[in-house]
Amino acid sequence: MDEIFDLVIIGSGPAGVSTALTARHRGKSALIVSTAPEDSPLCRAEHVDNYPGFHNATGRELVDAFVKHAEASGVKFARGRALAVADMGGVFGVSVGADFVQGRSVVLACGLNRAKPFPGESEFLGRGVSYCATCDGMLYRGKPVAVIGQSADAPEEAEYLRGIGCIVEYFDSQRAKKYEIKGEERVTTLTADGADYAVDCVFVLRSGLSPDSLLPGLETIGAHISVDAEMATNLPGVFAAGDCIGGPYQVAKAAGDGNVAGLSACKYVENLSKQTGGKQ
Ligand SMILES: Cc1cc2nc3c(=O)[nH]c(=O)nc-3n(C[C@H](O)[C@H](O)[C@H](O)COP(=O)(O)OP(=O)(O)OC[C@H]3O[C@@H](n4cnc5c(N)ncnc54)[C@H](O)[C@@H]3O)c2cc1C
């Protein structure tokens, strides 16, 4: 995608969609980068009866309505996992699987990341631990790999790896609960519930990453991103909204945060344009 968007928003839950709608109403372009809509925890809610206008809706109905509204308002979507955000001096680059998108500002609306890395995961990242089948799969053709599938697209990604010739051991939440990734220079073994599997790579496919691993230097307090009242983080041009900044973990609060973050990001982009005489 060559276009530089005014806002790149990570997450298509209520906070991300509300941010994007606010941006569109202020005449700004907005791209939402997100894994499948069903990865939003909201899809697991059987009934949501505290969000105005949606009496007795299921979480899935709300998510579908939000995404439909965004699409109708001209919000663009890039489906995939955001793996890294880099400040390139006035423009942010975001890696989405093997693709790359650009924005003048970034809004993190990635929900609460409850997952702790598995033992060995951070240590071997880039040396036999990967978060992206498309990016790294080709390196392991003909080799044994494990996929720990914790996102909606994980079975499809495992099929992709099989299709290009990887020998795949697939682990869903039924097959094992406890993992450890081991090796020396590189990964050699995945231990799953006490059983050892000799593998050259472990693909850990979660719906999200911890925000500070996405964006080095981002200030967090525990599991939450630190923001001020304008939803600005410590990094200029980077804003955050929704469950990822703290509770109450509710749809109405996430949507409200998204509104504030959207307005702040629009203001930031307008100031940037004034400073550069509209050349950004
Ligand atoms: C079972 C259950 C029932 C609930 N019931 C209610 C209720 O009745 N009422 C209520 O108000 N709230 C309820 N909630 C809470 C509500 O779901 C959340 O507060 C709300 O969804 C938070 O919105 P959000 O936009 O901040 O994040 P989320 O909805 O979590 O959306 C974040 C999205 O970003 C994606 N993402 C994260 N990282 C990345 C990345 N690196 N790259 C790409 N995509 C990424 C995630 O996959 C997800 O789709 C419930 C939650 C659960 C789990």
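Counting convention: from 1, in listed order, for ligands and their atoms alike.
- Between the side chain of Ser264 and the backbone N or O of Val260, at least one donor-acceptor pair lies under 3.5 Å.
- Of all the atoms in ligand 1, the ones that sit under 4.0 Å from a non-hydrogen atom of Ala15 are 25 (O), 26 (O).
- Between the side chains of Ser151 and Asp39, not a single donor N or O lies within less than 3.5 Å of an accepting N or O.
- Linking ILVMFWY side-chain heavy atoms closer than 4.5 Å, directly or via other members, places Leu205 and Val129 in two distinct hydrophobic clusters.
- Screening residues 222-246 for side-chain hydrogen bond (donor to acceptor under 3.5 Å, both in side chains) gives His224-Tyr249 as the qualifying pairs, with residues at least two apart or on separate chains.
- Among all non-hydrogen protein atoms, the one lying nearest atom 37 (C) of ligand 1 is Cys110 O, 3.2 Å.
- Of the listed options Asp243, Ile9, Val96, Asp49, Asp243 places a heavy atom closest to atom 19 (O) of ligand 1.
- At the shortest separation from atom 27 (O) of ligand 1 among protein heavy atoms lies Gly111 CA, 3.4 Å.
- Distances from atom 46 (C) of ligand 1 to the heavy atoms of Val48, Leu62, Thr35, Val17 put Thr35 nearest.
- In the hydrophobic cluster analysis, where Ile, Leu, Val, Met, Phe, Trp and Tyr join through side-chain heavy atoms closer than 4.5 angstrom, Phe5 is grouped apart from Leu263.
- With respect to Glu121, the salt bridge (charged side-chain N to carboxylate O under 4.0 Å, His left out) criterion is satisfied by exactly one of Lys182, Arg206, Lys116: Arg206.
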For this session: Could you walk me through whether Thr58 and Val48 pass side chain to side chain contact (heavy atoms under 4.5 Å, CB included), step by step?
Result: CA-CA 6 Å; Thr58 65; Val48 180; over 6 Å; no
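- Within the 4.5 Å cutoff, the side chain of Phe77 has heavy atoms near those of the Val67 side chain.
- With respect to Leu108, the side chain to side chain contact (heavy atoms under 4.5 Å, CB included) criterion is satisfied by exactly one of Leu215, Ile245, Val8: Leu215.
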Problem set entry | Step-by-step ring pair (Phe, Tyr, Trp, His ring centres under 6.0 Å) determination, Tyr179 to Tyr197 | CA-CA 11 Å; Tyr179 300 99; Tyr197 298 82; 9.4 Å; no
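- When heavy-atom distances to ligand 1 are checked against a 4.0 Å cut-off, His47 comes that close only through its backbone atoms N, CA, C and O.
- Among all non-hydrogen protein atoms, the one lying nearest atom 11 (O) of ligand 1 is Val251 N, 2.8 Å.
- With hydrogens left out, the protein atom closest to atom 38 (N) of ligand 1 is Gly208 CA, 3.3 Å, a heavy atom.
- For the residues Gly13, Gly11, Pro14, the heavy atom positioned nearest atom 23 (O) of ligand 1 is part of Pro14.
- Atom 51 (C) of ligand 1 has its nearest heavy-atom neighbour, among Ser40, Ser213, Ala36, Pro41, in Pro41.
- Between Arg44 and ligand 1, no N or O atom pair is found at a separation short of 3.5 Å.
- Neither the backbone nor the side chain of Pro37 comes within contact range of ligand 1; no heavy atom lies under 4.0 Å.
- The protein non-hydrogen atom at the shortest distance from atom 42 (N) of ligand 1 is Ala82 N, 2.7 Å.
- If you number the atoms of ligand 1 from 1 as listed, the ones under 4.0 Å from a heavy atom of Arg81 come out as 42 (N), 43 (C).
- Scanning all protein heavy atoms for the shortest distance to atom 36 (N) of ligand 1 gives Ser207 O, 3.7 Å.
- The residue from Ser210, Ala45, Cys43 that puts a heavy atom closest to atom 6 (C) of ligand 1 is Ala45.
- Ranking protein heavy atoms by distance to atom 15 (C) of ligand 1, first place goes to Tyr249 O, 3.4 Å.
- For ligand 1, the atoms lying closer than 4.0 Å to a non-hydrogen atom of Gly242 are 26 (O).
- Under the 4.0 angstrom criterion for non-hydrogen atoms, Tyr51 is not in contact with ligand 1.
- Under a 4.0 angstrom heavy-atom cut-off, Ser18 registers as lying outside contact with ligand 1.
- Between Lys28 and Arg104 the shortest side-chain heavy-atom distance does not fall below 4.5 Å.
- Every atom of ligand 1 is numbered from 1 in the order shown, and the set under 4.0 Å from a heavy atom of Leu42 is 17 (O), 21 (O).
- Side-chain contact, Thr189 with Asp196: no donor N or O sits under 3.5 Å from an acceptor N or O.
- Residue Ser34 has at least one heavy-atom neighbour below 4.0 Å for each of these atoms of ligand 1: 34 (O), 35 (C), 43 (C), 44 (N), 49 (O).
- For the pair Arg127 (side chain) and Glu123 (backbone), a donor-acceptor distance under 3.5 Å is present.
- Judged purely by distance below 3.5 Å, without hydrogens or angles, the side chains of Ser213 and Ser210 pair a donor atom with an acceptor atom.
- Between the side chains of Thr35 and Arg79, no donor-acceptor pair is found at a separation under 3.5 Å.
- Ligand 1 places these atoms under 4.0 Å from at least one heavy atom of Ala109: 32 (C), 34 (O).
- Residue contacts with ligand 1, taken as heavy atom pairs separated by less than 4.0 Å, involve Asn50 solely via side-chain atoms from C-beta onward.
- Here the protein heavy atom with the shortest distance to atom 43 (C) of ligand 1 is Gly80 O, 3.3 Å.
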